[in-house]
A.B. asks: 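The following block contains the structure, expressed as structure tokens.
What you see is a predicted model, and the numbers here were worked out from it, not measured in a lab. Only heavy atoms go into these numbers, but all of them, side chains included; no hydrogens, no water, no symmetry mates.
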Amino acid sequence: MLCFVLACSGTRPDHLGVAEQRLAPCPDSPNCVSSFAKDAEHRVEPMSFDGAPEQVMQALQKVLQQHDRVEIVTQEPLYLYAEFTSFVFRFVDDVEFLIDPATKTLHFRSASRIGRSDLGVNRERIESLRRDLARQKL
């Protein structure tokens with residue numbers, strides 16, 4: 001049973017992060033959403049903000065700390081990468097945030113590590129985080 005649970009977590013991807021001021025593109029599978037995606041299946045809207053990038057990063061940290069089973073893996077002044085782990089099967093989703101201070105935009109990417117379908121979990125996660133951040137009045 002332990003081997004099954006550990007297998008659900010998958011291996012941390014090595015293609016994440018910022019390249020050319022963008023987050024990694026989504027794969028063809030439907031278990032990923034990104035504000036950089038052009039197609040409707042993968043597209044989520046970025047979030048505009050009025051405050052300073054530092055305020056956005058602080059609000060993002062605060063919102064993530066309110067969620068269970070979230071580990072912040074990498075945090076830089078304009079980029080944050082966190083792992084979200086599901087309760088029952090311990091599936092891990094890789095979630096990234098990129099602040100663009102020039103356009104005052106927060107970009108998102110959320111992707112499942114394994115499997116093909118996520119039953120809309122990644123899209124709902126980003127929409128929920130967007131609502132939580134909106135309450136912070138950025």
Side-chain angles (χ1 to χ4, degrees):
M1 181 67 169
L2 179 62
C3 291
F4 173 74
V5 169
L6 292 176
C8 290
S9 66
T11 303
R12 185 175 288 158
D14 59 4
H15 68 281
L16 301 180
V18 181
E20 299 179 17
Q21 303 300 315
R22 298 174 68 87
L23 298 173
C26 284
D28 291 336
S29 59
N31 61 1
C32 175
V33 295
S34 171
S35 57
F36 288 106
K38 301 290 186 209
D39 62 296
E41 180 179 41
H42 296 107
R43 175 84 178 161
V44 291
E45 289 301 314
M47 181 177 179
S48 297
F49 60 88
D50 292 322
E54 299 81 17
Q55 292 172 310
V56 175
M57 186 58 74
Q58 289 172 355
L60 183 55
Q61 289 174 311
K62 181 179 177 182
V63 165
L64 292 176
Q65 290 170 355
Q66 294 171 354
H67 288 263
D68 295 330
R69 298 174 309 283
V70 176
E71 178 186 354
I72 295 175
V73 177
T74 304
Q75 182 180 339
E76 299 168 2
L78 301 176
Y79 172 79
L80 190 143
Y81 163 45
E83 294 174 337
F84 283 66
T85 304
S86 69
F87 180 67
V88 176
F89 291 109
R90 312 296 292 166
F91 292 116
V92 176
D93 294 339
D94 299 293
V95 183
E96 298 176 280
F97 306 88
L98 176 63
I99 298 169
D100 182 342
T103 62
K104 292 196 168 262
T105 305
L106 175 62
H107 288 280
F108 307 94
R109 181 182 188 276
S110 184
S112 301
R113 276 194 192 164
I114 61 172
R116 178 158 175 79
S117 175
D118 67 351
L119 303 174
V121 169
N122 285 294
R123 181 173 301 280
E124 177 51 38
R125 172 183 299 117
I126 294 302
E127 295 306 326
S128 174
L129 290 169
R130 181 194 320 280
R131 288 188 299 271
D132 293 345
L133 287 166
R135 285 192 278 278
Q136 302 291 317
K137 304 216 188 296
L138 304 173

A.B. asks: Honestly curious: do V121 and V92 fall in one hydrophobic cluster under the side-chain, below-4.5 Å linking rule?
C.D. replies: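 Result: no, two separate clusters.
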A.B. asks: Step by step, work out the side chain to side chain contact (heavy atoms under 4.5 Å, CB included) result for F49 and L133.
C.D. replies: CA-CA 10 Å; F49 60 88; L133 287 166; over 6 Å; no
A.B. asks: Would a single hydrophobic cluster contain both F97 and V18, if residues Ile, Leu, Val, Met, Phe, Trp and Tyr are joined by side-chain heavy-atom contacts under 4.5 Å?
C.D. replies: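 Shared cluster, no.
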A.B. asks: Looking at every heavy atom in both P30 and S117, which two are closest together, and how far apart are they?
C.D. replies: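 Nearest pair, atom of P30 first, then S117: CG-CA, 4.4 Å.
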A.B. asks: Using a strict threshold of under 4.0 Å (side-chain N to carboxylate O), is an ion pair present between R123 and E41?
C.D. replies: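 No, no charged N to carboxylate O under 4.0 Å.
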A.B. asks: Does any part of the side chain of E83, heavy atoms only, come nearer than 4.5 Å to the side chain of R69, both counted from C-beta?
C.D. replies: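 With C-beta onward as the side chain, the pair stays apart.
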A.B. asks: Please find the pair of heavy atoms, one from H67 and one from L129, that lie closest to each other, and give the distance.
C.D. replies: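 Nearest pair, atom of H67 first, then L129: NE2-CD2, 3.7 Å.
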A.B. asks: Give the minimum heavy-atom separation between D118 and G120, together with the two atoms involved.
C.D. replies: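 Taking every non-hydrogen atom into account, OD1-N, 2.9 Å.
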A.B. asks: Are M57 and I126 grouped together when hydrophobic residues (ILVMFWY) are joined by side-chain heavy atoms under 4.5 angstrom apart?
C.D. replies: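 Yes, same cluster.
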A.B. asks: Shared ILVMFWY cluster between L16 and F36, side chains joined below 4.5 angstrom?
C.D. replies: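 Yes; F36 is reachable from L16 via cluster members.
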A.B. asks: Give me the atom names and distance for the closest heavy-atom approach of R43 to P46.
C.D. replies: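 Heavy atoms of R43 and P46 come nearest at NH2-CD, 3.6 Å.
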A.B. asks: Any chance you could measure L64, atom CG, to K62, atom NZ, to the nearest 0.5 Å?
C.D. replies: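 Between L64 CG and K62 NZ, I get 12.5 Å after rounding to 0.5 Å.
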A.B. asks: Test S112 against D93 for side-chain hydrogen bond (donor to acceptor under 3.5 Å, both in side chains), laying out the working first.
C.D. replies: CA-CA 4 Å; S112 301; D93 294 339; 3.2 Å; yes
A.B. asks: Any chance you could measure Q75, atom CD, to L78, atom CG, to the nearest 0.5 Å?
C.D. replies: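 Answer for the CD-CG pair, Q75 versus L78, is 11.0 Å.
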A.B. asks: Working to the nearest 0.5 Å, report the span between CD of Q66 and CG of D132.
C.D. replies: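 Between Q66 CD and D132 CG, I get 6.5 Å after rounding to 0.5 Å.
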A.B. asks: May I ask you to check whether over 12 heavy atoms, not counting those of Q61, lie within 6.0 Å of atom CD?
C.D. replies: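 Yes - once you tally the heavy atoms of other residues, nucleotides and ligands closer than 6.0 Å, there are more than 12.
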A.B. asks: Between V44 and V33, which heavy-atom pair has the shortest distance, and what is it?
C.D. replies: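 Heavy atoms of V44 and V33 come nearest at CG1-CB, 3.7 Å.
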A.B. asks: Rounded to the nearest 0.5 Å, how far does NE2 of H42 lie from SG of C32?
C.D. replies: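 So the gap between those two atoms works out to 6.0 Å.
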A.B. asks: Tell me whether the count of non-hydrogen atoms from other residues, nucleotides or ligands lying under 6.0 Å of CG in D39 goes above 12.
C.D. replies: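 Yes - once you tally the heavy atoms of other residues, nucleotides and ligands closer than 6.0 Å, there are more than 12.
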A.B. asks: So, taking the atom named CG in L138 and the one named CG in L106, what distance separates them when rounded to the nearest 0.5 Å?
C.D. replies: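 With rounding to 0.5 Å, CG (L138) is 8.5 Å from CG (L106).
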A.B. asks: Verify the cluster assignment for V73 and V95: are they in a single hydrophobic cluster under the rule of side-chain heavy atoms below 4.5 Å apart?
C.D. replies: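 Looking at the clustering, V95 is in a separate group from V73.
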A.B. asks: What is the minimum heavy-atom distance between R109 and C26, and which atoms define it?
C.D. replies: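 Where R109 meets C26 most closely, the heavy atoms are NH2-CA, 4.1 Å.
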A.B. asks: Evaluate the criterion salt bridge (charged side-chain N to carboxylate O under 4.0 Å, His left out) for residue pair R125 and E127; output intermediate values, then yes/no.
C.D. replies: CA-CA 5 Å; R125 172 183 299 117; E127 295 306 326; over 6 Å; no
A.B. asks: Check for a donor-acceptor pair, side chain of S35 on one end and backbone N or O of F108 on the other, with a separation under 3.5 Å.
C.D. replies: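 At least one qualifying donor-acceptor pair exists.
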A.B. asks: For the atom pair OG (S110) and CG (N31), what is the distance rounded to the nearest 0.5 Å?
C.D. replies: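 Interatomic distance, S110 OG to N31 CG, rounded to 0.5 Å: 9.5 Å.
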A.B. asks: Please list all pairs passing the side chain to side chain donor-acceptor pair (under 3.5 Å) test where one or both residues lie in residues 95-104, with sequence neighbours left out.
C.D. replies: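 Listed once each, the pairs are Y79-E96, D100-T103, T103-T105.
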A.B. asks: For E54, give me all partners under salt bridge (charged side-chain N to carboxylate O under 4.0 Å, His left out), at least two apart in sequence or on another chain.
C.D. replies: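 Partners of E54 under the salt bridge (charged side-chain N to carboxylate O under 4.0 Å, His left out) test: none.
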